[in-house]
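Just follow the structure's listing: the first ligand is 1, and inside any ligand the first atom is 1. This is a predicted model, so every value here is computed, not measured.
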Amino acid sequence: MATPFTATILGAPRIGPNRELKRAAEGYWAGRVERARLEEVAAELRRQTLTSLTRSGLDSVPVNTFSYYDQMLDTAVLLGALPPRVQGIDDELDRYFAAARGTAEVAPLEMTKWFDTNYHYIVPEIGPDTTFSLHPEKVLAELAEARELGVPARPVVIGPLTFLALSKAVDGAAAPIERIDELLPLYVQLLAQLADAGAEWVQLDEPVLVTDELDNAAKLAHRVYTELAAAPRRPDILVATYFGALNGALAALARSPIEAIGVDLVAGGVQAVAAVPELADKLVVAGVVDGRNIWRTDLASALDTLDSLSGSVGSLAVSTSCSTLHVPYSLDAEDDLDDTLRTWLAFGDEKVFEVATLAVALRKGRDAVAAEIEASNAAGANRAADPRLHVGATRARLTSVLATGAQRGPADQRRAAQNARLGLPLLPTTTIGSYPQTIAIRKARAALRAGEIDQTGYEQQMRSEIADVVRLQEDLGLDVLVHGEPERNDMVQYFAEKLDGFVATQNGWVQSYGSRCVRPPILYGDVVRPEPMTVEWITYAQSLTDKPVKGMLTGPVTILAWSFVRDDQPLADSANQIALAIRDETVDLQAAGVSIIQVDEPALRELLPLRGKDQQEYLAWAVAAFRLSTSGVDDTIQIHTHLCYSEFGEVIGAIADLDADVTSIEAARSHMEVLGDLNAVGFTNGVGPGVYDIHSPRVPSTEEMVASLREALEAVPAERLWVNPDCGLKTRKTDEVTASLRNMVAAAKAVRAQRYPSTGTS
Ligand code: GLN
Ligand code: ZN
């Protein structure tokens, strides 16, 4: 074995501390930025990352975790597995971007969530004609670049099991994993080339081993890594796993002659690792610093964890639990953070410092880092005692609401009460909430931030946007209106800014996919709603029209999923606190005369645990939190929910259990399959399968939406069917939206007239 290292992280962010790569890439796509400039920005970001990691004391530094777009797409390029439709594009980088984003001629590859994180990867397509071939230029170039800088470089590549398991079979091909034996010779070649280029270590990422995705995971892992370890010339191999525990695959992996295994000791327990005797001659890369949440590490308890392993494994290195891709770069960019809170947190840079500190303690004893341990203890004690984490009023109310039963009346009774109150036509038309975020809206928000207009001026401008959107909807003849959400920068951040217990960061950007970044708020304390959050906007919109305007709220699970969440209590408890605040908002909306309230849960699927055995428990508390948030109003209030962004298969039962009166759900691309699935679980409430795909600028014709409604009516009686697009309209242009909705309303009227001539078509 090469010298075992002692301190590392599994990967680093690449979008840039000031989102430099985002700006350069988007400029390049728009033709504003030269290729050379884009490459320069990328090289400079890599150089900064590598030198900063090395200077911070890591003795093994990940390279090739840079990406122009996504690491799975990089791996598809590495293995020659780009789909035929982009192969005609000569230029390498343009071909790569075409696969990621599509062009006028070719459709992009799909994108989906990277395990249970909020990062989205590009899904490689493996067809019957895919032939793999090795193209290691990127990893070799980045390795050379790092070695030139004197960095102790450890190239990182996604392993063959994870690559295939996360790829998608197309054109009738067999499951990609069946082609594992075609990939192994390429990895063997790659290992030789990396060794020749001076790499002492290589990291192969196999997070798929913490899921139930592979049958025979343990056997497969053992076979694959026994074969790769037998490569005649190679660096030492670290197989990195993260986001959960390996279960049986850990011992199997340890029985193969690789040199090191990375385990996530934040998501998985340490005892299971200590209990594997086969690790006695391995380097265990112990992920004790949370790579995906923003809390400061309790150094003393991390050292206890490390100590509990040191007797049973060959050697130990300290690491983050996963790549720090999932957290912002540095706390230094947060000027406004309150000083107390700051001491509780660690972003990317601070995590590297923690890793280095822990490694020093391992080498030289705790006394060598006594000051750091003390600071960490003090921060922990201070955080635990902070009154904002223990708000008696919130806790007492939650207990009492839960005790009195957070329940609504039976669904049919509610339906009768709501029909009598609302008097809607059959096949009512509506939208999901947001209307285009116009340039005027963005300008007003920027002007408010810059102090050029005051809150009153800003609110005036938002009101005029709302008035425009209401007028537009009346002109189009929609039945249930929305206010358009102009005042919301983001559907989670908006609420986080209004609730105590949350703090928004200034610069805490995290890559969500490609050039897109999000800034998740931090839920650090007990949730308190100091005042109504949406009532003024909705009642203003309602004052402009006789049609019902939906109150529009984000659900507790989605707020959790898109925030950094406190780690000192179960997620379910935090979900309930948020649910209580949303519930209070619904009660205020009811008092203000609002008759329909939508509570969006697009992220319901996102928090689903990676292991099947944990999923029921999650779904139970997620559904309970939603029901807590929607059961404070009486039966005449129609509760809507909205879901999108995912394959609903595994959560379809939970969607039915939400028991919303009306569920709008993305379906335009999955051809109404979702209706059959809902029927199969006995769902009998209202449902609005999206009749057109808002993710494209195309204006759908009336005829195609008529066809799609007819298809829906095969599965659902007209009394339950709603007509709506498949998601919010904020990313679209006003003229596209106007044309599409005009056709949608016409389609609803045509179907009403054909099928139910007596009910009228107005
Ligand atoms: N109400 C939100 C909107 O229309 C829902 C967004 C979403 O589904 N992600 O924008
Ligand atoms: Zn949506």
Going by the angle between their ring planes, with limits at 30° and 60°, are W114 and F243 parallel, tilted or perpendicular?
perpendicular
Over all heavy atoms of both residues, which pair between V599 and T554 is shortest? Give the atoms and the distance, please.
CG1-C, 4.2 Å
If the condition is side chain to side chain donor-acceptor pair (under 3.5 Å), which residues does D657 pass it with, not counting sequence neighbours?
none
Taking the six-membered ring of Y540, is NZ or CZ of R463 closer than 6.0 Å to its centre and within 45° of its axis?
yes
Would you confirm whether R720, through its side chain, and N685, through its main-chain N or O, come within 3.5 Å as a donor-acceptor pair?
yes
So does R408 pair up with D661, basic N to acidic O under 4.0 Å?
yes
Pocket residues of ligand 1, ordered first by chain and then by residue number (heavy-atom cut-off under 4.0 Å)
I432, G433, S434, E485, M491, M552, D600, P602, H642, C644, Y645, C727, G728, K730
For the Zn ion (ligand 2), the closest N/O/S atom belonging to H642
NE2
